[in-house]
2 protein chains.
Amino acid sequence: MRPYSQFLDQLRTAGLRPTRQRLALAKLLFGGEDRHVTAEILHDEAQRANVRVSLATVYNTLHQFTDVGLLREIAADASKAYFDTNTTKHHHFYLADQGMLMDIPGDEINVDNLPTAPEGTKVDSIDVVIRVSNN
Amino acid sequence: MRPYSQFLDQLRTAGLRPTRQRLALAKLLFGGEDRHVTAEILHDEAQRANVRVSLATVYNTLHQFTDVGLLREIAADASKAYFDTNTTKHHHFYLADQGMLMDIPGDEINVDNLPTAPEGTKVDSIDVVIRVSNN
DNA sequence: GTGTTTGCAAAGTGTTTGCAATTTA
DNA sequence: TAAATTGCAAACACTTTGCAAACAC
């Protein structure tokens, strides 16, 4: 099995050039279980994996991946951007004390009786965030 | 009717000294309809109303009001903090293009089948944000 | 080769902080 | 007068940007 081939395909399909940096970040993001990252977390992880990539490129890459639908951005906290590798419909616990997100499976919350979007707008996403703190 | 008396009472009840700045901000926030503000919006508004108050004090005041339950903070966008004068249970449309929040009445969305909070934590709030953009 | 992507450092935005001066009770 | 609050400016955290060098095709 050729290493990286799944990530190569993933990037090509998305219309992004499979550069060394994008491949390495894709591997970190999509190589295992679903996860929630901030730019800083991913950058640190890349360093530790001996992947030289600048923080600016990590930011660019996270946004590019989000634009092509490989990631989903979660507004859990007004001070930091979180990205989720699970782009399917589901919601989150936000552990305020740890600054950490946890998935809630999509079928564990019912959201219904949704109002229609305001005149002239379309719905981009529906986020349910349950903020919890230590007790 | 003594001007400001309702705001004096409101602040005293909340255990906050009714300073000139807090009174003026309370009047702007709670003197009319429910509203959503950022620190910058409120600061600008205070200037226009000829209330001299520093941006730092606006930030402090917004957080103090939030701590005592007069305001509620909404994480609608990872880049800016929004505060809502309506602290009752309800949800929001976030108009991404305008950076603006709109209330959705509490009874217009059902959220049920909620999972229990993770071990050792308690639920602080449940936010439903429907992100919409112009079409 | 040509256009894209990267890294760097600088700049930008929103927010918090330290501390002296001011205000409130 | 003692304690709380304010304003200022500096510091901070996170993010974006401009541009020359490096890379992908």
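So you know, we letter chains A, B, ... as the sequences are listed, proteins then strands, and number each from 1. As the structure is a computational prediction, the values presented were derived from the model and not from experiment.
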For nucleotides 18-25 of chain C, tabulate all protein N/O to nucleotide N/O atom pairs closer than 3.5 Å, reporting atom names and distance.
{"unit_1": "dT24(C)", "atom_1": "O2", "unit_2": "Arg17(B)", "atom_2": "NH1", "d": "3.1"}

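- Of the charged side-chain nitrogens involved, none lies within less than 4.0 Å of a carboxylate oxygen, so that Glu73(B) and Arg131(A) do not count as a salt-bridged pair.
- Contacts of Ala81(A) with the nucleic acid, taken as non-hydrogen atoms under 4.0 Å apart, involve only primed sugar atoms and P, OP1 or OP2.
- Ring orientation note: the planes of His36(B) and His92(B) are nearly perpendicular, at an angle over 60° on the 30°/60° scale.
- Atom pair Gln64(B):CD and dT15(C):P shows a separation of 16 Å (rounding to whole Å applied).
- Going from atom CG of Asp44(A) over to atom P of dC14(D) covers 11 Å, rounded to whole Å.
- Proximity of Thr61(A) to Gln21(A): side-chain heavy atoms (C-beta onward) are nowhere separated by under 4.5 Å.
- For the residue pair Asp77(B) / Tyr82(B), no side-chain donor-acceptor distance below 3.5 Å is found, with atom types taken as modelled.
- Arg72(B) has a carboxylate O that lies under 4.0 Å from a charged side-chain N of Asp127(B), or vice versa, which qualifies the two as a salt bridge.
- Taking the centre of each ring, Tyr59(A) and His43(A) stay at or above the 6.0 Å mark.
- Two residues, Asn60(B) and Lys80(B), neighbour DNA chain C, and the one matched to the more 5' nucleotide by heavy-atom proximity is Lys80(B).
- Computed from coordinates, the Asp77(A) CG to dG14(C) C1' distance equals 13 Å when rounded to whole Å.
- Between the OH atom of Tyr82(A) and the P atom of dC14(D) there is a distance of 9 Å, rounded to whole Å.
- Base pairing analysis places dA21(C) opposite dT5(D); the two distances defining the Watson-Crick or G-U wobble pair are each below 3.5 Å.
- Per the geometry, CZ belonging to Arg52(B) stands 13 Å off P belonging to dT6(D), to the nearest Å.
- In this structure, Tyr94(B) and Asp124(A) have side chains that are not in contact, with every pair of non-hydrogen atoms separated by 4.5 Å or more.
- For the pair His63(B) and dT15(C), the criterion of a side-chain N or O lying under 4.0 Å from OP1 or OP2 is not met.
- Using a 4.0 Å heavy-atom distance criterion, Ser79(A) is classed as a sugar-phosphate-only contact.
- Pair assignment for dC25(D): dG1(C), on the basis of Watson-Crick or G-U wobble contacts that are both within less than 3.5 Å.
- Contact annotation: Tyr59(B) reaches the phosphate of dT15(C) (side-chain N/O to OP1 or OP2, under 4.0 Å).
- Regarding Leu55(A), its CG atom lies at a distance of 14 Å from the P atom of dT6(C), rounded to whole Å.
- Contact annotation: Ser54(A) side-chain N/O to dT6(C) OP1/OP2 distance is not under 4.0 Å.
- The CD1-C1' distance, from Ile41(B) to dT15(C), rounds to 15 Å in whole Å.
- Between Thr61(B) and Ala39(A), the one whose closest nucleotide on DNA chain D sits nearer the 5' end is Thr61(B).
- Nucleotide dT6(C) holds its C1' atom 15 Å from the CG atom of Leu62(A), rounded to whole Å.
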